[in-house]
Amino acid sequence: MAESLAHISQHGVFPPDHDSKEDRNSVSACPVPNDVIEKQKSKVQAWPGKKALEDKRLCILDGFLMYPESMSQIQPYLSLKLFVRTTHARCKQRREARDGYATVEGWWVDPPGYVDKIVWPNYVQDHGFMFEYGDVEGHYKREVLDKEGIETIQEEKEGDMVEMLKWVVDEVMAAVDKEAKERSA
């Protein structure tokens, strides 16, 4: 996130002196190899559909809890809804690897047991509706995802950051192409 904000700042979206709380967070090594990232950048640069974005801004919202009922007021404004789930083990490993992170109130460090007592139960509560039997590590309820317009990567590719990056890039490009086609019709 901090790298993304620095990139945005360099390209004039934020003023050069913009100070984001996200810049204070430690960031672990990117699990996607640089050559894969460069291939995706080249793919976007060669993409004819990027012209549709010349007079628009693309806003990507990243959040742990974007699709539960409590967030229903913002959902109609989301042109593309992508869901990348996690497992309990992955959530716990990533969260516990942090040394803390910046919030609007200051620096937050998770207390012991925070993932098991707070984070994971909230994740299950707020995402269970998308899964058979409410099992967030089980199979999706495709009829719910279709009704809500939520796209997911193929279950067998979940957790593979290279595949997820490629999927997200393809989904965003396809959505922009579809919107441009609908506007011109």
Side-chain angles (χ1 to χ4, degrees), residues 1-67 71 74-87 90-91 93-94 97-98 101-102 127 130-131 139-185:
M1 180 65 159
E3 289 179 80
S4 299
L5 289 173
H7 176 78
I8 290 169
S9 179
Q10 290 172 354
H11 292 86
V13 176
F14 293 130
D17 60 348
H18 176 75
D19 180 33
S20 169
K21 68 175 180 58
E22 300 294 337
D23 292 336
R24 295 186 292 268
N25 292 333
S26 62
V27 180
S28 59
C30 181
V32 179
N34 284 336
D35 66 314
V36 173
I37 294 169
E38 290 305 317
K39 284 179 187 174
Q40 293 302 302
K41 285 180 182 180
S42 295
K43 181 178 183 175
V44 171
Q45 288 301 319
W47 168 49
K50 72 180 180 181
K51 292 178 185 172
L53 294 173
E54 288 176 355
D55 62 338
K56 297 184 181 343
R57 292 197 185 222
L58 182 63
C59 179
I60 299 175
L61 302 177
D62 171 32
F64 190 69
L65 299 171
M66 294 296 293
Y67 304 128
M71 298 298 286
I74 68 159
Q75 292 170 11
Y77 301 102
L78 304 176
S79 302
L80 176 62
K81 298 176 186 177
L82 303 178
F83 180 72
V84 177
R85 76 164 149 183
T86 192
T87 62
R90 191 177 304 122
C91 174
Q93 181 273 323
R94 288 183 60 152
R98 293 179 179 177
Y101 53 95
H127 294 93
M130 296 190 301
F131 296 90
H139 296 291
Y140 290 107
K141 283 185 183 175
R142 288 289 161 197
E143 67 280 2
V144 171
L145 297 178
D146 291 344
K147 177 180 171 264
E148 299 295 327
I150 299 171
E151 303 294 332
T152 61
I153 192 169
Q154 296 171 352
E155 290 182 40
E156 63 272 7
K157 293 183 178 181
E158 289 178 337
D160 182 331
M161 294 298 287
V162 169
E163 290 301 318
M164 285 193 284
L165 173 63
K166 292 176 182 178
W167 172 71
V168 169
V169 169
D170 289 344
E171 289 292 319
V172 170
M173 289 173 29
V176 170
D177 288 342
K178 179 181 176 187
E179 185 178 318
K181 187 176 182 177
E182 288 172 356
R183 282 197 177 149
S184 65

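Start at 1 with the first residue, then count along the sequence.
Between Pro33 and Pro31, the shortest heavy-atom contact is CD-O, 3.7 Å. Contact detail for Arg90 and Gly159: the closest heavy-atom pair is NH2-CA, 3.5 Å. Ile37 and Cys30 get closest at one heavy-atom pair: CD1-SG, 4.0 Å.
Between the CG atom in Leu82 and the CG atom in Leu61 there is a gap of 11.0 Å [rounded to 0.5 Å]. With rounding to the nearest 0.5 angstrom, the CD1 atom of Ile150 is 11.0 Å from the CG atom of Leu80. Taking CD from Glu38 and CD from Gln40, the interatomic distance works out to 10.5 Å, rounded to the nearest 0.5 Å. With rounding to the nearest 0.5 angstrom, the OH atom of Tyr67 is 10.0 Å from the CG atom of Leu145. Separating the CD atom in Glu151 from the CZ atom in Phe83 is a distance of 13.0 Å, to the nearest 0.5 Å. Separation of atoms NZ (Lys81) and OG1 (Thr152) is listed at 13.5 Å; rounding is to 0.5 Å.
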Show me, pair by pair, the donor-acceptor contacts under 3.5 angstrom made by side chains of residues 163-177, not counting sequence neighbours?
residue	atom	partner	partner atom	Å
Trp167	NE1	Glu171	OE2	3.4
Asp170	OD1	Lys43	NZ	2.3
Asp177	OD1	Trp47	NE1	3.1
Asp177	OD2	Trp47	NE1	3.2

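In Lys39, the NZ atom is not crowded: 12 or fewer heavy atoms of neighbouring residues, nucleotides or ligands sit closer than 6.0 Å. By the neighbour-count criterion of 12 heavy atoms within 6.0 Å, atom CG of Asn34 is sparsely surrounded, having that number or fewer from other residues, nucleotides or ligands. The number of heavy atoms from other shown groups lying within 6.0 Å of CZ (Arg142) is above 12.
For Glu156, the salt bridge (charged side-chain N to carboxylate O under 4.0 Å, His left out) criterion is met by no residue, not counting sequence neighbours. Residues satisfying the salt bridge (charged side-chain N to carboxylate O under 4.0 Å, His left out) criterion with Glu158, sequence neighbours excluded, are Arg85.
Taking the charged nitrogens against the carboxylate oxygens, Lys147 and Glu143 have no contact shorter than 4.0 Å, which rules out a salt bridge. Classification of Lys51 and Glu54 as a salt-bridged pair fails, no side-chain N sitting under 4.0 Å from a carboxylate O.
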